[in-house]
Amino acid sequence: MNTEVLLAVGYAALLLGGALLLEWLSRHTHNRSQAWRTSGFDYDAQHDFWVCHKGEQLWPTEFDREKRLVRYRAKATVCNACPAKVDCTDSHHGREVTRAVDSWPHSEAGRFHRAIAVMLVVLAVFELAVVLVRNHEPSQIAVLLPLFLLALAVTWWLAVDLIRTPSNFPEAKPAHGNRIGAK
Amino acid sequence: MEEKSARRGFLLSKGWLQAVIIVMLLGFTVLGILAYRTYEDGAPVPVKVLDPQGQLLFDGDDITAGQQVFLHNGLMEYGSVFGHGAYLGPDYTADYLRRSSNIAIAENGGPPVDEDGMELADDPDPGPASDIARQKTINQFRENQFDEESNELTFSQTQTDAFNKLIPYYTRFFSADNTENGLRKEAITDPEDLRNLTAFFAWSAWASAAERPGKDYSYTNNWPPEPRVDNSPTANALVWSAISLVALLGGIGLLFGAFGRYRDLGWHGREQTVVSFRDPSTVALTPGQKSTAWFFFVMAALFVIQCFVGAAVQHYRAELTSFFGFDLAAILPYNLLRTWHVQLSLFWVATSFVAAGIFLAPMIARREPRGQGKLGYFLLVALAVVVFGTLIGSYLGIHGVLEDAATNWFGLQGFEYLDLARLWQVLLVVGLIVWVYMLFRVMRSRLRREHPGNMPWLFFLAACAIPAFYAVGLLARTAEDFTITEFWRFWVVHLWVEDFLEIFTTVMVAYMFVLLGVVREKVALMVILLDIGLYSVGGVVGTMHHLYFSGTPSEHMALGAFFSAIEVVPLTFLTVEAWSFLQLGANQESKSTSDFPHRWAVMFLVAVGFWNFLGAGVFGFLVNLPIVSYFEIGTALTANHAHAAMMGVYGMLAIGLSLFCLRYMIPSKKWPEKWAKVSFWGTNIGLAWMCFATLLPLGIMQLYKSVDDGYFEARQLDFLTDKTTEMLEWMRLPGDVVFIVFGAIPVLYMCFLGVKYTIARRGEDGDGRGEADAELFTVISGTSMEDEPPEISGRPEPTPGT
């Protein structure tokens, strides 16, 4: 077997593996980033509420359509009397915690990492295509083509998922500019 | 007394500060000892090199003169010595060693060689005579005939003959009447220069094979790999690679285990309720801040030039002898383009950091004294003089217009990354000192009210470290021993770039997040101190990982390998944390009555987190272990690490900082959101393509070639122009086009808008801003400002001229 074909197959496999690893790792760092906001809170998925480290429950109060978040809030009376409030929230209306409703990659940062992963698999497709053009004996095609099709399928799967998920970043409104909030 | 009582105390426990100070002191003490050891026990440059009959062959001055010919002609930007330099040309240590050992083997009765010192064919008679010839050669090259008393070195007869035969070879190579090697026509023609240059190569090859007194390995720890002189990895290289790997795995486990118990370094998800982002274009700009529009424009122009120059450099690798049919090397030879490419990478990034510092300082201090704008423009002009002086000087130096001392002072010194001429180097240090002074005059009243461990001081001290450590590069002088110059050069290349720029940027980014209301000051301070502490544990002594094979004693390898592996621990840990930390800014979930204005600036910071992990962490560690570096140094894997780390971390950061500042200069109505988005995707996709399409696979192939066939073979033009290699080089093209067209050019356009609208706002004057601008970026309701200093607004500090 031609060395170039073997190298191409090995490297394309490495790119596919790298894309999947990046997908996992970036999801992990994103979850850590999210955990900073909800550190000390446990989510009960079955009943859809959060529990703070003092045992108070936070129930859904609002669905933010623009940012595609569910907002959960604790009772104001409990939070305002809580000794841990100073380290927990500035709000006098009870502590709020949010949860994104869309699956990964539902944020702009998530989309960046997903796009890099897509690029890696696109590169695998491109590289295999170039090597296929240069080496197209039956035995070489038999080795290159399956991986080429697999890379194409992974590209399709990741790219379509990326296109379908919203960035959740409010679009800029250059015509209006931003407004200073009331003091 | 009154001043003292008004000073704000340290926000964290004193242990944080003490730990950082101890780590820094220990690191620099070890580095100081290693500096002493480098002078004491580095590869010696003999006063005289004699033939076996005691006749003078060449002397120490010839070696030094040859080193200067090598540097001043920009050959470190073409090939390398001791593995350090550029990657198109050969490594001249390995090159000379191969050719001279071939000549020696032939003279000792082995296979014959041609006039270039290369074997004519496979050994025609691989019998005992050939084996004896090879063993004799090994003995002749490994026996160290350097007399420490007299400082004289005696070459064997075969080494002497090899030297005399290789002068014509290098003469033919460097004075060739064509550009087929990527150098200009007749690059070096002076016979004395060519003889001295060969003497320099001969010295480096001698140091790479002759055994250190009392040791069974050479001055370069047996580098380069060369079976003809029995150069193979030393026990040190293997053992310290294994120990480093264990230290890395153990360190990561320990650190994650320790911090994992305290849930995210102990900071809880404290909620800041309604955050409202002030429209950036309503924030008054000070004259100093306005001057930065021009800095960013210059930055972007240099960035675009660097990209085009880089594309031309890359084209040499894909098509060596012509640029789409045009003989580019006649005007812009490879080494000239590469020195421009490398120097511009530092210049444009530094320009952005300098400008961002000037821009942020009044926001931190809440004031700006008069004259800051004028100083800003003065600094800009000085910077332009240095940059364009360097570019023109390099051209004149490499084209041979300037010679000797004139080249050194006005042309180029020629050390990779420190190529610029002495005059420009001194002026750059002076310029950076002026910049620190500019920051000081803005911040001094704030500093007076702060504990030295708090963020304003860290910002200022991190800025001070930038000229201080860049100035260390002045110790690398072209007439100094090469081993010593390499030691000091890496204080700049590693310690300055990888440590102190990293620290300064961490402080700046953390400060931006504090000002934006994304994190609280305590959390930011914690991240900064953790960053400084953990990076410095490995990063300071880890500088030595560049010097495994440069003629320094073996303890440099041991400590360099161990500490630089430890350096990867915080890189892994901190960058995963920082990666998460940087994503905080991108995920604005608070209810806000206005939009988050810094979307793309923050997205560039998210990219910094990603590239720091991949480019510095993963690709850096890939080439870090001594045993890997032994076969890899000077190959495309190094270029892969350099591009992903330099552009990925510092380049993205420089663009992110410029967008952050430009957002205040360009009115919201005119803000080019679309171009910011295009440049973000263009730079990131282009860079990722560049690394993954070409640099990484080519590096892996070259490493394989080096281990399998030999290091000499892996660095030859034959390999670089091989068909598969050529295909890989061409595969970069789509990524490079995306990077330049969609990445770099939109940045230039946005910076142009910054200048345009700053000129339009000339009438406004934010100097001496008062209470109305106390909260510069965000209006945070509730009581979340308890960490802010007690007095942040009011009457501006009385300063001369205010």
Side-chain angles (χ1 to χ4, degrees), chain A residues 3-4 7 11 15 18 25-26 28-41 64 67 69 71 86-93 95-98 100 107-109 112-113 115-116 119-120 123 126-127 130-131 134 168-183, chain B residues 263-264 267-282 576-577 579-581 583-584 586-587 589 591-597 599 603 606-607 609-610 613 667-671 673 680-681 684-685 688-689 692-693 697 700-701 723-724 727 731 734 779-784:
Chain A
T3 316
E4 189 173 298
L7 280 171
Y11 191 62
L15 287 175
L25 203 57
S26 51
H28 173 72
T29 59
H30 181 81
N31 289 340
R32 285 186 75 80
S33 174
Q34 291 302 94
W36 281 11
R37 297 171 194 285
T38 57
S39 178
F41 292 80
D64 187 331
K67 291 175 182 162
L69 298 166
R71 299 187 185 281
V86 68
D87 290 322
C88 184
T89 182
D90 308 324
S91 172
H92 299 310
H93 306 291
R95 168 67 196 253
E96 184 188 270
V97 168
T98 58
S107 68
E108 188 75 26
F112 162 65
H113 297 120
I116 297 286
M119 195 228 73
L120 291 181
L123 182 58
F126 180 69
E127 183 218 342
V130 170
V131 176
R134 287 161 58 96
N168 286 346
F169 224 109
E171 286 302 314
K173 297 165 190 154
H176 302 97
N178 300 310
R179 298 277 179 269
I180 304 170
K183 282 197 178 185
Chain B
R263 295 194 77 161
D264 308 318
W267 53 72
H268 291 283
R270 188 178 184 278
E271 178 196 21
Q272 281 174 341
T273 54
V274 181
V275 179
S276 182
F277 298 103
R278 174 184 285 244
D279 177 0
S281 55
T282 64
V576 170
E577 283 298 308
W579 195 352
S580 317
F581 179 73
Q583 288 186 32
L584 271 179
N587 301 323
E589 292 177 352
K591 274 186 184 176
S592 168
T593 53
S594 59
D595 293 336
F596 181 58
R599 174 184 187 178
M603 281 309 294
V606 172
F610 167 76
F613 179 75
S668 293
K669 284 182 193 171
K670 305 286 183 186
W671 175 249
E673 182 79 1
F680 173 77
W681 290 110
N684 280 287
I685 300 281
W689 190 280
F692 285 103
I700 294 169
M701 271 174 54
K723 281 196 169 172
T724 305
M727 178 196 78
M731 278 182 61
V779 181
I780 304 169
S781 72
T783 56
S784 65

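Every chain is numbered from 1 and lettered A, B, ... according to where its sequence line falls, protein lines coming before strand lines.
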Exercise for review: For the pair M119(A) and N684(B), evaluate side chain to side chain contact (heavy atoms under 4.5 Å, CB included) and give the outcome as yes or no after the intermediate values.
Suggested key: CA-CA 10 Å; M119(A) 195 228 73; N684(B) 280 287; over 6 Å; no

Practice item. Could you tell me which residues satisfy ring-ring contact (aromatic ring centres under 6.0 Å, His included) with Y11(A), sequence neighbours excluded, listed by chain and number? Key: none

Exercise for review: Could you tell me which residues satisfy ring-ring contact (aromatic ring centres under 6.0 Å, His included) with F692(B), sequence neighbours excluded, listed by chain and number?
Suggested key: F619(B)

Check your understanding: Measuring from I116(A):CD1 to I685(B):CD1, what's the distance to the nearest 0.5 Å?
Key ->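 That separation rounds to 5.0 Å.
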
Review point. For L123(A), is it the side chain, the backbone, both, or neither that has a heavy atom closer than 4.5 Å to a heavy atom of chain B?
Key: both

Point to revise | Heavy-atom side-chain contact between E4(A) and M727(B) under 4.5 Å | key: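 They are in side-chain contact.
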
Study note, to complete from the structure: Assert top hit (heavy-atom pairs under 4.5 Å, partner chain A, pool A607(B), P734(B), P697(B), A688(B)) equals P697(B)

**Study point:** Non-hydrogen atoms of F112(A) and W681(B) that approach each other most closely
**Key:** CA-CH2, 3.4 Å

